[in-house]
Every structure is written in structure tokens, then in C-alpha cells.
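Quick one: the structure is below, and I'll ask about it shortly.
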Amino acid sequence: MKHYDIIVVGAGHAGCEAATAAANLGKKTLLITINLETIAQMSCNPAIGGIAKGQIVREIDALGGCTGKVADMSSIQFRMLNLSKGAAVWSPRSQCDKEQFSAIWKQILHKTDNLFLREDTVIDLILEDKKAVGVKTKLGETIFSECIVLTTGTFLNGKIHIGEVSFSGGRIGELSADDISQKMKKIGFKIDRLKTGTPVRIDGRTIDFSKMEKQESIPYYCGFSFVPVKSKLKQLPCWITYTSQEVHQILQTGFEKSPMFQGRIQGVGPRYCPSIEDKIVRFSERNRHQLFLEPETESGFSYYLNGFSSSLPEKVQIDALHKIEGLENAHILKPGYAIEYDYFSPIQLYASLESKIIKNLFFAGQINGTTGYEEAAAQGLMAGINAARKINDLQPIILKRNEAYIGVLIDDLITKGVDEPYRMFTSRAEYRILLRQNNADLRLTKIGFEIGLIDKNRFQQVKKKEKKIEEMLFFLKNTSIEPSQINPFLQQNNLSEISQKTKLSQLLLRPQISLQNLCSVSALLQQFIDKKRCDISVLEESEIVIKYENYIEKEKNLAAKMNDLDNIKIPPNWEYNNIQSLSTEARQKLSKFRPSNLGQASRISGVSPSDISVLIIMLNSKINE
């Protein structure tokens, strides 16, 4: 009889993180996937990171996950987005060589102790007393385990649409998995449909780049991983072009054959990443839309046309494409297409990502209604960690909303559910000044170390960094500069001069002045930095803390109040319908979502502050009984 501690189903971004986390925590882990050649495939855009997503990847790295390292090693362009805005929304993003990205992930999986791979399709779960104990596969194998992690991506009843053509598939050219959904539905799981799409891939040799705007990589490289891993690949530019009214008119000729407009697609698509035909309808007042040509590999042979996702007939896609500047003679390697797939409502999960219906069964990735590699990888990491801890009878790791974007992601899923593909944004995080991309290591490395995914040496390096930041802050707040030292600089930059000695920290509060500026005029500051060997990460964090100190303290105080609510547990089987002092909507929503604590209850849409007050009174009376 084949037996493993943990079985992970699906080897996409969620599955890879789940499997490596579980195996690295000492659990004998089996990773089952339909095709071993497409492990960690970048089936949509060849990029990692972006607004809020970059923060998630840095958090994955700080906890001991692998996505950040893989992205850094396969990077062919790196940018830091939103640098003209506040530090809370700075977001790293990397174009990756998609072939190298997948290959590096395979190397990691092959070198991970306790981890075994199998090419097969899971067709059923083995259950005993509402507990998952194993799987059955299409090749006739019965494999048992203590826990199972489902990370099936877009493969559950996947259906691909290109104009009037539709066929089953998890990705174009790959089979879908059609057995599990119906069997899970019979058990009592709520299942629905979502839709996503992808644009054409273009032969780079047929693109006229002279008609486009070049977008280079940033001049310095910082990457995702806090353990520096610099790419050895050639750095390549992206290119910007635009649609036009003529392009829109050609696309509109295909609307009568559009599966989206003709009702053949039932699943809801991503609001924040619409298809080009959806953009034309929703933003009809616009004469053009910006497009990005992104290289998919170091060779630059295949290009991804970001912003041109479509499920229109292939001929319409080609005719419209040839009216775009620079793409007049473009050869399509692969048409754009839409894909529908099943997902399981995430309100059926605990914050650990374990199912409320079946014990020892965890869900991660697009199966929970999310979209994006980063959101999937984060869920996979947490599901793998918590499955391993469940076997050891340890409490799950549940990140709070003020601790990590990962905490925001999972809390949103289980307390609000999804009715469209969920995508992370900085605006979803109410404590985003605390959750900066640059301080993810300071926030989360200790947790990674305590659970066993971060080694002692790396943890000690973070402790040293914390100490250097403390020393730098003390120095800036207690060291003054003479007017004669700083005034020439202030005068040269049309800034108000000082008339007396002023603390360096006070000058740093001015938005026009950076720590680098102060180094150029204060020999004492430069000597201190050299003596303490403060690197760019220490300087950046110190400057941000000084400039945003009041905002940081305000958010910490708000977070502390919310944590008080999160610490008040709610009985799992509480009968809300018997509490008549709750509003009708609150009774309905609380009965549906079953929050585990008052913090979660307060974040459910339709549960008002007065409803929370009622719950507090009821809980207090229950305690005093």
C-alpha cells in the first residue's frame, strides 16, 4: 500500500510551494500532476510581481518559500513600480524567461528531500468519517496520506473558447480534469464557474520595434529574494504600443461570434484584467488602449501582448493585430483564448485553508477563486505549512491582516468569498504602510524560522539588520547638522534654509530631502554608515521609518485594536438565528460564513458595528454563565 504524509494535487505555482514547504518541514510528500513537463508553467503573462503582488512574493521569500528566488534567477527584466508615489505602494515586478522559470522550479523539486513526483490525474478522493485519507488516480493507483492539498488551477472542468470553437482543456494543448468536481459537489461543496483569458503570442522576428516605445529595466537590481540571487540572463526591454479606432472596429466585427457576448461563457471574468473586447465595450469613450509587448524568453523569439486578451475568432484577432503600429506583419504563434473552470467557494475554508466540510483536506490557488501566480503561490505555501503542522498536532500559522498581504488575501477569501476572480491590490490592505515590500523580512522571517523553513544563519542576518536600523534611527534622531553644512544644498534646490542646528531626522521629514542627500553634506553621517556597514536595505528602511513615523504609529494602534477582536473566539456551532437582537442580514451572513472570531465577523459585508456589539455582549454573558 502506497502511503505518504501529504499528497499535493497539481504542480502549478500553488502546488510547487505547497509541496516544497511540506517536504522541507519533514513530511514525506507526493506531488501529482497531469504533465511533469509543465511544472510551474507561466501559462499567462511571463512575469512575477506587480502592484501588491510583488509584496506577496517578498513575503513568500521571507517565510521560506521559493517563488522569489526562482523569479530572480530567471529574470530578464526588473522594475520597481510606483516609485513616484509613497513607499507603501512601491511594488517589484520581474519579466521572467518562462522556460527557465519552469526549469529552475523543476530543479528545486528534484533536489528537495522527502518530495516525490508522479505524472497522473487524480479522479477521486478517499474519505473516511468525513476525513480525507487518500486519492484514486486515472492510472488505477490508490494512494493514502494523512493530508491532501488540492491546487488544481484552471483544470477542473476546464473549457477553452476561441470564437465559436470550444473544447475541453486545462490550458491550450493540455487535458482538463473532469472527475473531481461532481464528486465533491455530491459531498456538499459549493462549486461555481469562473473565466480567465490570455492574449496572442507573437513571433518576435516579425515585429517592427522601431515604431514602438522602449521600456528598459531599472538601472539597479534589487530582486525579490532577501538572499541575493541575481539573474545571469540577458536583460531585455519591453515595448509599448497602442490600439486605435480602426483596431476597435475590426474587433467589433467579431462580437457576433464572441463566446462572451453570445452567452456561451457562463463564468465570471476578472474585473481588473478584462479582455480587449470587454475594454472596448466598457470604455467606449476611449480611442485607444495601451499594450505591452513582453519577451517570454531570453531569446526574444516569443512575445506576449499584454492588454490584448481575447476569445474572439482567430481571424478577427489577426486582422485587428495587423492594424496595430509595429505589428503590421506580425505572425501569431498562438491565438488568444478564454478558459472557464470550476472553483470552490473559499468561505468553506478555515483560515488555515483546511476545508470545513472534510478534515485534512486543504485548498490553494485558483481553486479558491483567485487569479495570479503570486496569490496562488502564497496560498500554496500556507496550505503546505498548515498541512504539515496538522499532522504534528500543531496550531496552524494564520497571518493577520496587519502582518502580511498573505493574511489580507486569505482573510478576504474566507470572510467575503468571491463572485469574480480575486486579485490582490494595495487598496485591499488597510495597514499597507506597515506591509511594505522592503520590510517583509523584518515582519516574517522570525515566523519562517520558528516553523522551520528559515535556517538560523538567515534569521541571524535579519536580527543584525534590525539592530543596524535601530542604531541608524537613533543616530538620525540625535545628531544635528550646522546651517553652514546644509544651507548651500537647500539654497541650490530652492528649499527653505535653516537658521540653527537641526536634527538630521527633522530634515529628513522634508519630502524633497533623502538620506543620500544628507550623506553628501554630513561627513559624520557618511562615517557612521561606513563604520556600521549599512547596506542599501538598512538605509531605505531607516529613511521610510523617519518619513512615515506618524502614519506607521497610527496604523499600529489601529491594528492593535483589531487584533483584540481577532483574539475573541466565537463558538463554531453558534446558532445565530436565535439571536433576535442581530439584524436579519447579520444572522444570514454569520450563519453562512461561520467566522471563527469577532475580527472576521466584523469584516463580513452586511455585519454592522452594532451587530458586533451584540455579539460581544452575548459572548460575555456566555463566559459568565
Side-chain angles (χ1 to χ4, degrees), residues 6-25 27 29-33 39-41 43 53 56-57 59-60 63-67 105 109 115 122 125 132 135 145 147-156 170 177 180-181 184 189 191 194 341-391 396-399 404-414 417-418 421-424 451 453:
I6 295 172
I7 296 173
V8 178
V9 182
H13 304 269
C16 288
E17 286 288 2
T20 51
N24 285 328
L25 290 175
K27 301 304 169 193
T29 303
L30 176 66
L31 178 60
I32 303 179
T33 184
I39 285 173
Q41 184 168 334
S43 45
K53 293 169 174 281
I56 288 175
V57 178
E59 290 174 354
I60 291 170
L63 287 166
C66 301
T67 297
W105 251 121
L109 296 173
L115 181 55
V122 171
L125 300 181
V135 301
S145 66
C147 286
I148 298 170
V149 183
L150 291 180
T151 69
T152 50
T154 61
F155 281 75
L156 288 183
I180 292 181
S181 288
M184 299 285 276
F189 284 94
I191 303 172
L194 290 176
Y341 55 94
D342 289 347
Y343 81 99
F344 291 63
S345 174
I347 66 171
Q348 302 168 109
L349 303 176
Y350 295 111
S352 63
L353 296 180
E354 183 183 11
S355 165
K356 293 179 180 179
I357 298 172
I358 301 296
K359 293 180 181 178
N360 296 357
L361 177 62
F362 294 76
F363 292 74
Q366 285 182 280
I367 194 172
N368 290 336
T370 60
T371 180
Y373 312 138
E374 303 83 2
E375 291 91 340
Q379 293 171 71
L381 175 66
M382 300 312 296
I385 290 170
N386 288 328
R389 292 178 70 83
K390 181 77 184 282
I391 294 172
I397 298 299
I398 297 172
L399 299 174
Y405 271 90
I406 297 174
V408 175
L409 165 66
I410 295 174
D411 188 69
D412 277 354
L413 293 176
I414 66 170
V418 298
Y422 180 99
R423 180 179 180 179
M424 180 55 72
I451 63 179
L453 289 180

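Atom set for the values below is all heavy atoms of this structure, side chains included, hydrogens, waters and symmetry mates excluded. As the structure is a prediction and not an experimental result, all values here were calculated from the model. In this chain, residues are counted from 1 in sequence order.
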Legend entry - Contact summary for C66 and T20, nearest pair of heavy atoms: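 In this case the closest contact between C66 and T20 is SG-OG1, 4.3 Å.
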
Inset, instruction - List the atom of I6, the atom of A388, and the distance in Å for their closest heavy-atom pair. - result: CD1-N, 3.7 Å

Inset, instruction - Kindly compute the distance separating CE (M382) from CD (E354), expressed to the nearest 0.5 Å. - result: 14.0 Å

Inset, instruction - Could you please spell out the steps behind the side chain to side chain contact (heavy atoms under 4.5 Å, CB included) verdict for M184 and L150? - result: CA-CA 12 Å; M184 299 285 276; L150 291 180; 4.0 Å; yes

Inset, instruction - Take I385 and L25 through the test side chain to side chain contact (heavy atoms under 4.5 Å, CB included) and record every step on the way to the result. - result: CA-CA 8 Å; I385 290 170; L25 290 175; 4.3 Å; yes

Inset, instruction - List the atom of W105, the atom of A40, and the distance in Å for their closest heavy-atom pair. - result: CD1-CB, 3.4 Å

Inset, instruction - To the nearest 0.5 angstrom, please state how far the OG1 atom of T152 sits from the CG atom of N368. - result: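 CG of N368 is found 9.0 Å from OG1 of T152.
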
Legend entry - Pair E374, T67: side-chain N/O donor-acceptor within cut-off below 3.5 Å: no

Inset, instruction - Determine yes or no for a side-chain-to-main-chain donor-acceptor pair under 3.5 angstrom, with T29 supplying the side chain and L115 the backbone. - result: no

Inset, instruction - Kindly indicate whether the side chain of L349, heavy atoms from C-beta on, has any atom under 4.5 Å from the side chain of L413. - result: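 The answer is no, as the side chains (C-beta and beyond) never meet within the 4.5 Å cut-off.
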
Inset, instruction - Output yes when a side-chain donor or acceptor of T151 lies under 3.5 Å from a complementary backbone atom of G10, and no otherwise. - result: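 Judged by distance alone, yes, a pair lies under 3.5 Å.
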
Legend entry - Minimal non-hydrogen separation, S352 against N386, with atom names: O-ND2, 3.2 Å

Inset, instruction - Please report the shortest heavy-atom distance between E375 and L409, naming the atom on each side. - result: O-CD2, 3.7 Å

Inset, instruction - Work out which heavy atom in Y405 is nearest to a heavy atom in E59; give both atom names and the distance. - result: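 Of all heavy-atom pairs spanning Y405 and E59, the closest is N-OE2, 2.8 Å.
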
Legend entry - Within-4.5 Å side-chain heavy-atom neighbours: L399 and I410: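 Counting from C-beta outward, L399 and I410 never come under 4.5 Å.
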
Legend entry - Gap separating the CD1 atom of I367 from the OG atom of S181, nearest 0.5 angstrom: 7.5 Å

Legend entry - I7 CD1 to K27 NZ distance, which is reported to the nearest 0.5 Å: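 Going from the CD1 atom of I7 to the NZ atom of K27 covers 15.0 Å.
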
Inset, instruction - First locate atom CD1 of I391, then atom SG of C147, and finally report the distance between them rounded to the nearest 0.5 Å. - result: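 Reported value, rounded in 0.5 Å steps: 4.5 Å.
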
Inset, instruction - Please check if the side chain of Q348 supplies one atom and the backbone of K356 the other of a donor-acceptor pair under 3.5 Å. - result: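 No, because the side chain of Q348 does not come within donor-acceptor range (under 3.5 Å) of the backbone of K356.
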
Inset, instruction - Before giving the answer on side chain to side chain contact (heavy atoms under 4.5 Å, CB included), spell out for L453 and L381 the whole-Å C-alpha distance, their side-chain angles and the decisive distance to 0.1 Å. - result: CA-CA 11 Å; L453 289 180; L381 175 66; 4.1 Å; yes

Legend entry - Within 6.0 Å of NZ in K359, more than 12 heavy atoms from elsewhere: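 Not more than 12 within 6.0 Å, no.
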
Legend entry - 4.5 Å side-chain heavy-atom contact, I148 and I358: no

Legend entry - From CA spacing to verdict: side chain to side chain contact (heavy atoms under 4.5 Å, CB included), L194, Y341: CA-CA 6 Å; L194 290 176; Y341 55 94; 3.8 Å; yes

Inset, instruction - Starting at CD1 of I397, measure out to CD1 of I406 and round the result to the nearest 0.5 Å. - result: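 Atom-to-atom, I397:CD1 and I406:CD1 are 12.0 Å apart.
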
Legend entry - Partner set under ring pair (Phe, Tyr, Trp, His ring centres under 6.0 Å) for F189, not counting sequence neighbours: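 For F189 the ring pair (Phe, Tyr, Trp, His ring centres under 6.0 Å) partners, ignoring immediate neighbours, are F344, F363.
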
